[in-house]
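Small disclaimer: the values here were computed from a predicted structure and weren't measured.
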Amino acid sequence: MKNIITLLLALLSQVALAQSRKDELTALLQRHNVPGVQVVYTKGKAVEAYNLGVREAGTSQPVTATTIFEAASLGKEMLAYVALRLHDRGLLDLDKPLLQYYDYPRLQGQPRAARITARMALAHTTGLPNWAENPTTPSWKTSALVLKYAPDSCWNYSGEGYTFLQKTLEHLTGKSWEKLAQQEIFTPLGLKNTSFIWQPAFAATASAGHDGAGKPSPIDHFMEPYAGFSLYSTAIDYNRFLQALRTGQGLKPATARLLRIPATAADRCGKAASAADPYIDWACGVGLASTSQGLAQWQWGDNGNFKGFFMTLPGKQESLLLFTNSANGPQLVDEVLRLFFGPGQYRATQWLTE
């Protein structure tokens, strides 16, 4: 009887905590003018999911667990994971110049590009710009790429570097990026509402995006798969992948370590050191932060009117994931981190704004 009472009290406490967190998240949405959010918090095997607000401002359509969001750059971690799996099979040498695998047409006339490797692409040290042009415009796919910095000389966030790596993997395997993602991630991990290409079935549940003033705009319909920006998913789906990333599931132990040890100190090209710089590094495909809760893996997603963020604490078996349908989404991050992880210094958002 005593054990039953203890169990009931524990369950009631958990219910009360979840309601408190839901109330606080609802207040944060109103405070920062964010119409809708999906939040998933994982600790060990316990998962808490919160789906709050509306899919489109001015309507009563609620955000649910199956609402589709643009996950933007959070697709880069999926490319990194697939690249590491192919590395484990001996198909990709992380330190072999990518141009020796695939003569990427957009890098013609760039002799320094002959040094770029998969490890550099994963760690954002290729020397390439983020985007040569807006990647949603027709001319981008054939636009010429010009290196801004010498390869492996400094850290410069680069969607182009990830696209170069993606095209190399497609060439090596003879498969599209969407097919590779299905084969290596979506199917094995059971991601049923995730794609790098717009699916007609998404229309029934997809969220609109919103600018900083709260004005809605339709979700983008990407018809070609790009790891750097075209990921559609739900937070519940993506969290399945995030746990594989955090634990190294599906990777050899030595390869999994590459997601938790620095590949570069992330010294930003041409920028003076900031207060947060000593706490930030980059691994092979994911950001690292030294926080008051220990080592963290992290990444942000930004497609303008859709913003996302995740942070994991591998040493504590915890993770937090946010999908928002608003340009104001980043304003939530620090408060949500402290709501679930507790008080502390998490460094990532500080570094992004410095």
Are Tyr41 and Phe341 close enough that some pair of their side-chain heavy atoms sits under 4.5 Å apart?
yes

Find out whether Leu259 and Leu84 are in side-chain contact, i.e. whether some heavy atom of one side chain is under 4.5 Å from a heavy atom of the other.
yes

Measure the shortest side-chain to side-chain distance between Phe229 and Pro135 over non-hydrogen atoms and say whether it is less than 4.5 angstrom.
yes

Could you check whether any side-chain heavy atom of Phe340 comes within less than 4.5 Å of a side-chain heavy atom of Lys43, counting everything from C-beta outward?
no

Between Ser319 and Asn239, is any pair of side-chain heavy atoms under 4.5 Å apart?
yes

Looking at Ala57, is its backbone amide N or carbonyl O close enough to the side chain of His210 to form a donor-acceptor pair, meaning the two atoms are under 3.5 Å apart?
yes

Ion pair check, Lys167 and Glu170, cut-off under 4.0 Å:
yes

Can you check whether Leu258 reaches Leu94 side chain to side chain, under 4.5 Å on heavy atoms?
yes

Is there side-chain contact between Leu92 and Tyr101, with heavy atoms separated by less than 4.5 Å?
yes

Quick one: does any side-chain atom of Thr125 pair with a main-chain N or O of Asp152 as donor and acceptor, under 3.5 Å?
no

Spacing of Ile116 atom CD1 and Tyr104 atom OH [to the nearest 0.5 Å]:
10.5 Å

Of all residues at least two apart in sequence or in a different chain, which pass the ring-ring contact (aromatic ring centres under 6.0 Å, His included) check with Tyr162?
His124

Using the ring centroid of each side chain, check whether Phe241 and Phe310 are separated by less than 6.0 Å.
no

Side-chain atoms of residues 279-291: list all donor-acceptor pairs with protein atoms under 3.5 Å, sequence neighbours left out, distances to 0.1 Å.
unit_1, atom_1, unit_2, atom_2, d
Thr291, OG1, Gln293, N, 2.9
Thr291, OG1, Gly294, N, 3.3
Thr291, OG1, Gly294, O, 2.7

Please assess Thr67 against Asn51 for the test side-chain hydrogen bond (donor to acceptor under 3.5 Å, both in side chains), listing each intermediate value before the final yes or no.
CA-CA 9 Å; Thr67 297; Asn51 307 289; over 6 Å; no

Value rounded to 0.5 Å, distance of CZ in Arg246 from NZ in Lys316:
12.5 Å

Between Ser73 and Lys76, is a side-chain hydrogen bond (donor to acceptor under 3.5 Å, both in side chains) present by the stated rule, with each step listed?
CA-CA 5 Å; Ser73 286; Lys76 290 184 172 76; 2.8 Å; yes

Okay, side chain of Ser20, backbone of Ala16: is any donor-acceptor separation there less than 3.5 Å?
no

Within the side chain of Thr163, is there an N or O that forms a donor-acceptor pair under 3.5 Å with the backbone of Gly159?
yes

Please determine whether a side-chain nitrogen of the Lys or Arg among Lys271 and Asp277 lies less than 4.0 Å from a carboxylate oxygen of the Asp or Glu.
no

Between the side chains of Thr234 and Gln38, is a donor N or O closer than 3.5 angstrom to an acceptor N or O?
no

Atom CG in Leu147, atom CZ in Arg112: separation rounded to 0.5 Å?
5.0 Å

In the structure I gave you, are the side-chain heavy atoms of Gln183 and Thr187 within less than 4.5 Å of one another anywhere?
no

Aromatic centroids of Trp298 and Tyr346 separated by under 6.0 Å
no

Value rounded to 0.5 Å, distance of CZ in Phe202 from CD1 in Ile197
10.0 Å

Tell me if the aromatic rings of Trp198 and Tyr232 count as close, with their centers under 6.0 Å from one another.
yes

Go through the steps for Glu224 and Ser230 under the test side-chain hydrogen bond (donor to acceptor under 3.5 Å, both in side chains), then give the verdict.
CA-CA 8 Å; Glu224 293 185 61; Ser230 74; over 6 Å; no

Rounded at 0.5 Å granularity, tell me how far CG in Leu165 sits from CE in Met120.
12.5 Å

Output, in order, the C-alpha distance, side-chain angles, deciding distance and verdict of side-chain hydrogen bond (donor to acceptor under 3.5 Å, both in side chains) for Thr324 and Ser326.
CA-CA 6 Å; Thr324 77; Ser326 171; 5.6 Å; no

Answer yes or no: is there a donor N or O on one side and an acceptor on the other, between the side chain of Arg106 and the main chain of Ser143, under 3.5 Å?
yes

To the nearest 0.5 Å, tell me how far Arg240 CZ sits from Leu189 CG.
8.5 Å

